[in-house]
Amino acid sequence: MTKIVLHGRKVVGGCAEGEALVTRDTISGWGGINPMTGTIIELQHELQGQSFKDKVLVFPGAKGSSGWSAYFHMARMVGAAPKAMIFNIMTTKAALGTVVSHAPTVTDLDQDPLDMIETGDWVKVDADNGIVEITKKKDIQRDETTTDSRLGAAEQRSEAASV
Amino acid sequence: MTKIVLHGRKVVGGCAEGEALVTRDTISGWGGINPMTGTIIELQHELQGQSFKDKVLVFPGAKGSSGWSAYFHMARMVGAAPKAMIFNIMTTKAALGTVVSHAPTVTDLDQDPLDMIETGDWVKVDADNGIVEITKKKDIQRDETTTDSRLGAAEQRSEAASV
Amino acid sequence: MKLSDEEKYMLDGRDGRAVQKAMDLLVRYGEALGAEKLVETSNVSTTVVASSGLMREYAAKYGFDALFSEFNLDSQEAVEIPMVKTHSCQLITGFDAAHWEQLGGTPERVQSIKEHEAYNAGIGIQLMSTCAPYQVGNIPVKGEHCAWMESSAVIYINSVLGARTNCEGRESTGAAMLTGRIPYWGYHIDENRLATDLVEVEWEVESMTDWGLLGYYVGEVVGDRVPVLSGVRHVPNSYRIKHFGASAASSGGVEMYHIPKITAEAQSIEDALGKRKPQYTFKFGKAERQKAYDRLNVSAKDTNVDFIMLGCPHASIEQIWEICKLLKGKRVNSGTQLWIFTPRAIRELADRNGYTQIITEAGGFLMSDTCPALGQVLPPGTKVVATDSAKQAHYLPAIMGIQCWFGSLKDCIDAAVTGKWSGGLR
Amino acid sequence: MKLSDEEKYMLDGRDGRAVQKAMDLLVRYGEALGAEKLVETSNVSTTVVASSGLMREYAAKYGFDALFSEFNLDSQEAVEIPMVKTHSCQLITGFDAAHWEQLGGTPERVQSIKEHEAYNAGIGIQLMSTCAPYQVGNIPVKGEHCAWMESSAVIYINSVLGARTNCEGRESTGAAMLTGRIPYWGYHIDENRLATDLVEVEWEVESMTDWGLLGYYVGEVVGDRVPVLSGVRHVPNSYRIKHFGASAASSGGVEMYHIPKITAEAQSIEDALGKRKPQYTFKFGKAERQKAYDRLNVSAKDTNVDFIMLGCPHASIEQIWEICKLLKGKRVNSGTQLWIFTPRAIRELADRNGYTQIITEAGGFLMSDTCPALGQVLPPGTKVVATDSAKQAHYLPAIMGIQCWFGSLKDCIDAAVTGKWSGGLR
Ligand code: F3S
Ligand code: F3S
């Protein structure tokens with residue numbers, strides 16, 4: 001099974017992995033998410049009704065009110081924050097919101113994560129080293145018929161990027 | 001007896017004459033005059049303690065608070081306004097204050113009235129025509145020993161300027 | 001990130017645990033941003049109230065120091081909060097204690113708000129409780145580095161006044177109050193304040209409604225870039241330019257814009273662009289105006305209006321007077337509620353001027369300290385709202401799941417009186 | 001003067017007698033100025049209160065319409081005053097009805113003020129009752145043509161905000177309210193707004209006291225010309241720049257100044273001067289600072305202080321907080337009075353924040369609507385005053401014939417507590 005490895009810059013340190021939830025729509029905090037459940041509530045948002053709880057949230061950036069950080073902060077307090085985050089456009093909202101979410105977060109990746117990651121992919125964010133490892137969901141599904149991808153993942157950490 | 005005639009621009013129409021009160025200090029309204037008596041009250045003002053009531057006030061211009069017009073307005077209401085005014089520097093304070101004082105007023109004279117007029121001179125301000133006629137006080141004193149300058153003044157209205 | 005000696009001392013704990021925690025957050029935040037350093041500030045607009053049930057429970061359980069520690073410093077340790085160092089004011093809150101019945105509150109909630117207000121005042125925060133602190137005396141000077149939250153306020157002080165702030169959050173403003181520092185990043189830096197996009201205004205924008213529509217369009221097309229507007233022929237007064245900015249900050253993420261000779265920093269289009277070419281050029285004409293109007297009214301179908309919301313951003317006294325002139329001697333429809341929002345300090349003026357009485361006699365309410373979107377509260381049973389604010393029309397349908405009409409103040413007052421929406425773009 | 005058709009109709013009486021009288025005055029006034037035309041305005045700050053005994057008697061005898069006609073329109077005929085056309089606010093008044101006892105008033109005077117306030121509110125004037133309307137929401141936008149009175153407010157909105165006004169008077173603002181017009185003259189015109197003089201600031205001006213001293217010096221040397229300041233290294237906050245302007249407007253007649261990158265219209269010295277050479281150049285160094293300080297303290301000899309005046313121009317809530325921090329837990333000396341002045345709307349904020357209580361408990365008073373210089377009132381027996389305001393220190397000795405100390409806020413609070421002046425230039 002191949003992995004895709006991207007390199008970027010640490011926003012919030014730490015290392016975590018999980019299933020990706022990807023959107024090309026920017027995300028609002030206040031008026032955009034329900035912090036109690038991690039659900040996107042913005043009307044007409046691509047992810048409306050879906051929760052980022054325990055997911056690796058991949059999104060272009062933050063928009064909307066300055067309540068952004070407080071909303072992700074509250075989500076963290078109730079255990080509804082993403083496991084990790086990856087985004088493209090740096091703003092004070094995104095920086096502060098990810099900092100207070102305590103979720104390992106990277107940005108400035110060498111390739112656009114929105115092109116490289118699909119919802120359902122397994123993504124590991126090693127923010128301390130600025131490394132993102134992607135296991136495509138088709139590979140996970142394939143793997144799942146043969147071996148446990150989650151166990152296999154550990155052995156393949158040092159593998160070269162497939163792209 | 002000779003007269004000095006200056007030409008300027010009408011600020012407030014009408015025609016009046018009286019004894020000149022001249023200062024090289026600019027005048028404040030609020031904090032500068034007592035409108036009930038027309039007395040200059042500003043500390044260290046050249047005219048401190050003197051009243052412009054029924055005088056022809058000759059001054060460089062207005063300064064201080066925007067209460068200027070209200071103070072000259074009140075002076076007019078109680079009969080303490082100058083009979084006429086002559087000033088050099090146009091400001092909104094001087095324009096509005098002289099307008100509401102209803103005293104014939106001129107400005108923009110062809111010679112500096114502060115150089116030409118002394119306190120005690122007899123000055124006629126024909127604001128409608130922009131003409132200021134000055135009878136120097138030494139001439140008045142001389143005249144007073146011979147004839148009444150006030151009567152004489154009327155006959156000499158068409159006389160050429162002496163300067 | 002490079003820290004000055006003074007900043008290092010704060011980080012090392014010289015000034016106590018709270019300042020240390022604050023500096024620690026600023027370092028984490030500054031590094032997340034990629035900022036090179038911090039900048040001094042002594043003007044912070046913040047949110048320290050317990051604005052959610054979660055925070056209220058947290059405060060009740062652990063106390064106000066713990067609440068501030070967690071939600072304003074990102075410190076899980078409850079540190080004792082000292083007097084703040086900067087001029088600091090509380091922005092809009094979630095509740096108006098003077099109207100707790102209308103807002104569905106309880107005497108207990110009013111009591112706990114009073115206690116929290118006393119705590120916040122005690123640590124040196126001014127309880128302005130409005131999204132428009134510049135309307136009650138906090139008027140940053142051009143070039144002044146600030147740490148403000150609230151998108152409509154941020155865009156106003158950056159653009160109209162020429163002060164310098166990013167759109168901060170609860171935690172960064174909390175840390176700024178205790179340290180007098182904020183990351184030197186984004187709009188603190190000259191070059192980031194220059195315009196990137198040009199918007200050619202072809203429609204003759206003059207009314208408050210049109211300024212809102214223009215803002216809504218600009219936000220949609222420029223996102224969070226920096227527009228400069230050409231072709232503006234009428235200098236907007238302060239409530240029009242306030243509406244424009246709030247609108248642009250809600251449809252997009254605009255935090256800074258230029259209108260030559262009207263906003264603080266640009267005397268010409270070339271100035272605004274720093275002599276570069278615009279990255280994108282847009283035009284605002286009849287069609288764009290109509291489209292912005294339609295977008296703002298997209299949720300509205302039912303012409304029976306339950307609720308009229310005015311005063312977003314919080315109304316100035318001039319706006320309350322405009323309302324009174326239209327409302328005087330009329331009665332709000334029995335099935336309709338009219339709520340008008342203004343800073344509490346301005347409500348005092350409205351009381352004195354007899355405006356509160358005019359509004360009350362007509363059956364409306366003049367409220368403070370909150371707004372329906374922030375407080376997430378509407379009169380019971382509200383299904384259809386009308387407002388003259390593009391920002392409120394943008395957020396209310398999403399947050400509260402209601403229909404919302406956007407129109408002129410006159411359309412709104414007509415709807416208040418008749419209970420029917422008959423507004424339209426004119 | 002060239003009138004538009006609309007203006008001619010007003011002059012011909014189409015809109016009634018009051019508007020006709022107003023237009024007549026504007027024409028007389030505009031021609032006195034030598035203005036070429038009128039300009040539209042919809043922002044007027046005015047004085048319509050009966051600010052002298054003469055006016056109060058006039059009002060009592062002939063009524064409020066007659067008072068407005070005479071003193072705000074220069075019309076001897078008492079015309080019926082209709083609703084004003086523009087946004088209009090009342091500036092500072094001569095009396096604080098809430099403190100009538102301290103101010104030596106009577107219940108009758110309070111009653112007549114209330115009646116007059118109702119009249120003024122009824123014709124559409126907002127009763128801000130402060131010399132700093134920009135602190136309570138009237139924030140003119142850059143380029144907005146205004147008709148304002150009050151020198152400290154005029155210099156603030158011209159310079160800091162970039163709005164356009166001359167220093168108007170009662171009668172011209174009265175006429176402006178009814179017509180929406182004011183002469184297009186002076187600071188309404190681009191070229192008159194350019195700097196004429198250069199002031200090189202060599203002293204490092206940062207404190208409120210230093211900003212006041214700098215302003216006092218600048219006013220003395222430039223008179224009513226337009227200075228641009230170079231060398232300013234610290235962006236002043238709003239109360240410092242407010243103090244600077246009020247000070248320059250009292251020692252001189254400054255109505256407009258520039259500080260590159262800090263005031264509204266100039267990004268550089270060259271900009272401010274319109275690329276011309278300065279007519280005069282001055283420098284502000286140690287000696288000039290000392291001289292300004294000495295001039296402001298020229299009347300003061302006796303170190304026993306009877307009265308401390310704070311809040312000129314009217315204090316913002318941040319300033320009240322600064323006072324409270326110094327005052328908290330102390331007591332004002334028994335032989336000394338402490339009065340602090342702020343807009344009434346801001347007093348509401350001070351009440352809410354507990355500041356009024358801190359001041360009251362210390363034995364001071366937080367007052368509104370007036371000031372000692374405007375109201376011409378001091379605590380009985382006052383011989384020696386202390387203040388942190390250069391403007392108040394400039395006017396009080398002349399108007400009230402007392403001695404006056406000028407110093408820092410801290411010096412003033414020390415004097416309030418000890419009854420002794422021990423301030424000095426540091
Ligand atoms: S916070 Fe203010 S800007 Fe509008 S949405 Fe609420 S009134
Ligand atoms: S009017 Fe205001 S500026 Fe000072 S002198 Fe009185 S407090």
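The basis for the numbers below is simple: all heavy atoms, side chains too, and nothing from hydrogens, waters or symmetry mates. Labels below follow one simple rule: chain letters A, B, ... track the order of the sequence lines, proteins then strands, and each chain is numbered from 1.
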*Asks:* Go through the atoms of C/Glu144 and report whether side chain, backbone, both or neither lie under 4.5 Å from a heavy atom of chain D.
*Replies:*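 Contact with chain D: backbone and side chain both.
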*Asks:* Should we say atom NZ of C/Lys325 is surrounded by more than 12 heavy atoms from elsewhere, each under 6.0 Å from it?
*Replies:*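 Yes, enclosed.
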*Asks:* What part of C/Leu161 is in contact with chain D, defined as an atom under 4.5 angstrom from a non-hydrogen atom: side chain, backbone, both or neither?
*Replies:* side chain
*Asks:* Where does C/Ile241 contact chain D at under 4.5 Å (heavy atoms): side chain, backbone, both or neither?
*Replies:* side chain
*Asks:* Walk me through whether C/Gln126 and D/Asn353 qualify under side-chain contact (heavy atoms from CB on, under 4.5 Å).
*Replies:* CA-CA 7 Å; C/Gln126 280 93 51; D/Asn353 259 59; 4.1 Å; yes
*Asks:* For the residue pair C/Gly137 and D/Ser238, what are the closest heavy atoms and their distance?
*Replies:*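 Looking at all heavy atoms of both residues, the closest pair is O-OG, 4.2 Å.
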*Asks:* Report which part of C/Asp351 has an atom under 4.5 Å of a heavy atom belonging to chain D: side chain, backbone, both, or neither.
*Replies:* neither
*Asks:* Based on non-hydrogen pairs under 4.5 Å, which of C/Ile346, C/Ile317, C/Val136, C/Ile262 is most in contact with chain D?
*Replies:*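 So the answer, after comparing C/Ile346, C/Ile317, C/Val136, C/Ile262, is C/Ile262.
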*Asks:* What part of C/Met83 gets closer than 4.5 Å to chain D, counting heavy atoms only: side chain, backbone, both or neither?
*Replies:* side chain
*Asks:* Heavy-atom pairs under 4.5 Å with chain C: which of D/Gly122, D/Ala118, D/Ser129 has the most?
*Replies:*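 Among the listed options, the one with the most contacts to chain C is D/Ser129.
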*Asks:* Could you check which of C/Ala121, C/Ser316, C/Cys89 has the highest count of heavy-atom pairs closer than 4.5 Å to chain D?
*Replies:*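 Top option by heavy-atom pairs under 4.5 Å: C/Ala121.
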*Asks:* Under a 4.5 Å heavy-atom cut-off, does chain D meet the side chain of C/Ser42, its backbone, both or neither?
*Replies:* neither
*Asks:* Rounded to the nearest 0.5 Å, how far apart are OG of C/Ser88 and CH2 of D/Trp321?
*Replies:*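 Going from OG on C/Ser88 over to CH2 on D/Trp321, the span is 10.0 Å.
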*Asks:* Chain C heavy atoms under 4.5 Å from D/Glu318: which part of the residue, side chain, backbone, both or neither?
*Replies:* both
*Asks:* Taking side chain as everything from C-beta outward and backbone as N, CA, C, O, which of these in D/Gln267 sits under 4.5 Å from a heavy atom of chain C? Side chain, backbone, both or neither.
*Replies:* side chain
*Asks:* If you take all heavy atoms of D/Gly143 and C/Val235, which pair is closest and at what distance?
*Replies:* O-CG2, 3.7 Å
*Asks:* Under 4.5 Å between any side-chain heavy atoms of C/Leu349 and D/Met128, yes or no?
*Replies:* yes
*Asks:* Do C/Lys142 side-chain atoms and D/Thr263 backbone N/O form a donor-acceptor pair below 3.5 Å?
*Replies:*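 Yes, the answer is positive, given that a donor and an acceptor are paired below the 3.5 Å cut-off.
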*Asks:* Using non-hydrogen atoms and a 4.5 Å limit, figure out which bit of D/Asn43 sits close to chain C: side chain, backbone, both or neither.
*Replies:*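 For D/Asn43, no heavy atom lies under 4.5 Å from chain C.
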*Asks:* Identify which of D/Asn120, D/Ile259, D/Asn237, D/Val160 forms the greatest number of heavy-atom pairs closer than 4.5 Å to chain C.
*Replies:*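 Of the candidates given, the most pairs with chain C belong to D/Asn237.
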*Asks:* Around atom CD of D/Glu115, are there more than 12 heavy atoms from other residues, nucleotides or ligands closer than 6.0 Å?
*Replies:* yes
*Asks:* Checking side-chain contact (heavy atoms from CB on, under 4.5 Å) for the pair D/Asp369/C/Arg352: CA distance, chi angles, key distance, verdict?
*Replies:* CA-CA 12 Å; D/Asp369 299 7; C/Arg352 182 178 195 178; 2.6 Å; yes
*Asks:* Please report the closest heavy-atom contact between D/Tyr134 and C/Ile139, naming both atoms and the distance.
*Replies:* O-CD1, 3.0 Å
*Asks:* Could you look at C/Gln135 and say if it's the side chain, the backbone, both or neither that has a heavy atom under 4.5 Å from chain D?
*Replies:*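 Contact with chain D: backbone and side chain both.
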